Amino acid sequence: MLGIEYQSKRGYIGLEYFGRTVGIKIMPVGIHMGQIETTLSMPDREWRVNELKQQFEGKTIFLGVDDMDIFKGINLKLLAFEQLLKLHPKWQGRAVLVQIANPARGRGRDLEEIQAEIAESCRRISTQFGNDGYSPVLFIDRPMSAAERIAYYTVAECVVVTPVRDGMNLTPYEYIVCRHGLNESQSGSELAGPRKSMLVVSEFIGCSPSLSGAIRVNPWNTDATAEALNEAISMSESEKQLRHEKHYKYVSTHDVAYWAKSFLLDLERCCKDHFRRRCWGIGLGFGFRVVALDPNFRKLNVDAIVSAYERSKSRAIFLDYDGTMTPQTAIDKTPSAEVISILNTLCADKNNVVFIVSGRGRNSLGTWFSPCKKLGIAAEHGYFLRWNKDEDWETCSQGSTDFRWMQMAEPVMKLYTESTDGSYMEAKESALVWHHQDADPGFGSAQAKEMLEHLESVLANEPASVKPGQFIVEVKPQGVSKGVVAEKILSTMVEGKRQADFVLCIGDDRSDEDMFEGIAGVKAKDLVAATTSVFACTVGQKPSKARYYLDDSHDVINMLSALADVTDPSSPTPEPGSPASEPEAEDSPPLEASIWVISNSICHGARLEEGLEFEIYSVLFIICVDVYIVPLGFAWISKCE
Ligand SMILES: O=P(O)(O)OC[C@H]1O[C@H](O[C@H]2O[C@H](CO)[C@@H](O)[C@H](O)[C@H]2O)[C@H](O)[C@@H](O)[C@@H]1O
């Protein structure tokens with residue numbers, strides 16, 4: 001659905017959008033049964049019905065009730081009726097088309113043209129087929145009361161609705177209810193015997209799919225519509241009755257009250273989790289979004305993580321690369337000297353197992369991190385794994401080894417590459433990636449969404465999974481994910497009798513969410529001790545499975561640098577039994593805000609809570625600075641710890 005991740009819930013589609021669930025469901029809102037029944041019981045309706053019965057005695061009435069506009073296909077209906085009289089002359093002198101046109105709500109040349117066409121068609125049909133006792137077309141373009149309209153519905157054998165574009169269009173529903181009348185006692189008057197109704201409807205109107213007994217037409221095909229008109233009135237009485245009963249059962253039970261109740265129930269179900277989330281306004285101008293975050297989601301406190309780090313004796317550190325260790329916007333993707341130095345310091349501590357866990361290929365990661373001899377690398381989302389530079393690469397045992405899907409995915413990606421300027425394909429050893437960072441932003445992401453769906457359907461039965469990422473769509477073997485590889489590393493640590501009591505995991509994008517999800521379950525799987533400090537941290541404030549966030553890759557490097565500062569490669573292993581963690585980690589309550597800062601480059605957020613009240617403190621002078629920097633934008637205040 002629009003390339004956004006969705007789940008099929010009970011009867012509706014749930015889209016996850018910036019932390020909120022948006023429910024999507026088709027609700028063909030019906031008619032107000034009570035209102036129609038009230039009009040049905042009006043005395044002037046009954047009086048008008050009798051009058052119409054006399055007026056059209058011996059005639060078969062087709063009825064059209066439409067607004068006078070260019071989309072309602074009134075002239076197409078007239079052309080189809082004209083064709084009916086030509087193709088089936090038996091209806092000449094017997095069939096009448098009554099067309100009620102509600103006065104036009106707009107004006108303009110298009111409307112004038114269509115009105116002229118309608119007038120010309122009415123004149124031509126009347127001249128061709130009419131005589132003293134027979135007017136084949138009755139065109140009514142005066143305002144009409146509900147009671148009179150309902151009287152026309154009551155006497156019509158068939159209602160014809162032929163718009164070329166429309167919304168729901170409730171005319172067929174109204175007609176069905178009116179033909180049914182109020183109750184059995186009434187049927188003796190104008191609708192003697194079993195109730196019947198016939199419908200010829202355009203396939204382009206919203207109510208069409210709900211009327212399985214209607215004859216559906218493409219209104220542009222006037223010959224087919226003429227045949228449908230003939231079929232409708234020539235059908236056996238029992239068939240007309242069956243179709244009517246089926247329609248009436250649906251229309252009378254799915255009225256406006258039914259859909260209102262159904263909507264409220266869905267709304268409640270959809271918003272169930274929203275109440276426990278906090279909403280933040282994040283971003284500027286067109287980039288502004290309301291983001292719903294878990295109340296426990298908070299900024300990673302450097303002092304707290306340093307303290308937990310110092311107290312632990314066996315640490316696992318998982319670091320994503322792009323967007324985490326290096327800014328997403330960096331042109332030169334090579335790790336900086338600072339990053340290499342921090343990693344080397346962390347790796348030098350024999351209590352640490354440090355891994356770069358990235359979607360990138362093993363060759364580039366191996367080359368970039370060649371100065372870090374003790375660094376572990378999980379490349380291509382963990383398809384390849386190397387514990388340090390002296391070890392060989394291992395291949396993920398859970399990943400499928402069947403790569404025939406590549407031959408299926410490649411032509412699809414090529415197709416999109418050809419039609420999307422600035423995009424390109426990357427062939428990795430185990431995966432294929434389509435990049436659109438340098439394409440037109442709108443077109444690129446629209447193409448990515450379309451391609452994702454295309455690939456999903458092409459590869460539905462293949463052992464491959466299609467995932468979106470930062471300006472990429474990636475196809476990789478099933479069973480390979482950063483979560484799987486993180487668990488594998490922790491379980492190898494357990495086997496080596498060095499079960500981790502400190503886990504830090506940082507990443508910024510969709511593939512890193514697998515890692516956060518994976519490490520959320522490691523305590524339950526006994527891969528780490530029950531008291532382990534687990535720090536899952538995402539980069540940027542956004543809905544995430546991580547409990548913590550840091551604003552950007554600079555913050556990440558600063559935090560890792562703080563860990564490196566307290567790392568002493570020669571320090572002895574902490575005494576067994578010393579507390580491994582501070583209560584601050586995963587289970588502790590959120591830290592309270594201490595200061596408010598303005599920043600253009602990091603995150604702009606104003607808290608929206610309790611009836612969307614903005615909690616903005618007196619920092620007006622800072623807002624002025626911000627407005628000065630971004631004169632056309634809104635100034636938002638971000639809440640930091
Ligand atoms: O897991 P990560 O370390 O975050 O890496 C994921 C992908 O990184 C690379 O793509 C990224 O860099 C590209 C420029 O070099 C950029 O165009 C793209 O938008 C980024 O996502 C790599 O090329 C992919 O194969 C990785 O999956």
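Read the numbers this way: they start at 1 and go in the same order the structure lists the ligands and their atoms. Model, not experiment: these values are computed from the prediction.
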Inset, instruction - Determine, for Arg277 against Asp294, whether the closest basic-nitrogen to carboxylate-oxygen distance falls under 4.0 angstrom. - result: no

Legend entry - salt_bridge(Glu418, Lys414) N-O dist < 4.0 Å: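 No, Glu418 and Lys414 are not salt-bridged.
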
List, pair by pair, the atoms of ligand 1 and of the protein that are both N or O and lie under 3.5 Å apart, giving the separation rounded to 0.1 Å.
residue: ligand 1; atom: 1 (O); partner: Asp320; partner atom: OD1; Å: 3.0
residue: ligand 1; atom: 1 (O); partner: Gly359; partner atom: N; Å: 2.7
residue: ligand 1; atom: 1 (O); partner: Lys482; partner atom: NZ; Å: 2.7
residue: ligand 1; atom: 3 (O); partner: Asp320; partner atom: OD1; Å: 3.0
residue: ligand 1; atom: 3 (O); partner: Tyr321; partner atom: N; Å: 3.4
residue: ligand 1; atom: 3 (O); partner: Asp322; partner atom: N; Å: 2.9
residue: ligand 1; atom: 3 (O); partner: Asp322; partner atom: OD1; Å: 3.4
residue: ligand 1; atom: 3 (O); partner: Ser358; partner atom: OG; Å: 2.8
residue: ligand 1; atom: 4 (O); partner: Asp320; partner atom: OD1; Å: 2.9
residue: ligand 1; atom: 4 (O); partner: Asp322; partner atom: O; Å: 3.3
residue: ligand 1; atom: 5 (O); partner: Asp322; partner atom: OD1; Å: 3.4
residue: ligand 1; atom: 8 (O); partner: Asp322; partner atom: OD1; Å: 3.3
residue: ligand 1; atom: 12 (O); partner: Arg360; partner atom: NH2; Å: 3.1
residue: ligand 1; atom: 15 (O); partner: Arg360; partner atom: NH2; Å: 3.0
residue: ligand 1; atom: 17 (O); partner: His435; partner atom: ND1; Å: 3.2
residue: ligand 1; atom: 17 (O); partner: Gln437; partner atom: OE1; Å: 3.0
residue: ligand 1; atom: 19 (O); partner: Gln437; partner atom: OE1; Å: 3.4
residue: ligand 1; atom: 19 (O); partner: Gln470; partner atom: O; Å: 2.6
residue: ligand 1; atom: 21 (O); partner: Gln470; partner atom: O; Å: 2.9
residue: ligand 1; atom: 23 (O); partner: Glu426; partner atom: OE1; Å: 2.7
residue: ligand 1; atom: 23 (O); partner: His435; partner atom: NE2; Å: 3.4
residue: ligand 1; atom: 25 (O); partner: Glu426; partner atom: OE1; Å: 2.8
residue: ligand 1; atom: 25 (O); partner: Glu426; partner atom: OE2; Å: 3.4
residue: ligand 1; atom: 25 (O); partner: Lys428; partner atom: NZ; Å: 2.8
residue: ligand 1; atom: 27 (O); partner: Lys428; partner atom: NZ; Å: 3.2
residue: ligand 1; atom: 27 (O); partner: Glu474; partner atom: OE1; Å: 3.0

Inset, instruction - Sequence neighbours left out, what pairs pass salt bridge (charged side-chain N to carboxylate O under 4.0 Å, His left out) with at least one residue falling in residues 378-396? - result: Glu394-Lys488

Ignoring hydrogens and angles, write down the donor-acceptor pairs under 3.5 Å from the side chains of residues 459-474, residues two or more places apart or on other chains.
residue: Glu474; atom: OE1; partner: His381; partner atom: NE2; Å: 3.1
residue: Glu474; atom: OE2; partner: His381; partner atom: NE2; Å: 3.3
residue: Glu474; atom: OE2; partner: Lys428; partner atom: NZ; Å: 2.7

Inset, instruction - Compute the centroid of each ring, for Tyr424 and then for Trp434, and state whether the two points are separated by less than 6.0 Å. - result: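 For Tyr424 and Trp434, the ring centres are not under 6.0 Å apart.
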
Inset, instruction - Go through the structure and list residues passing side-chain contact (heavy atoms from CB on, under 4.5 Å) with Ser481, not counting sequence neighbours. - result: Lys476, Val484, Asp514

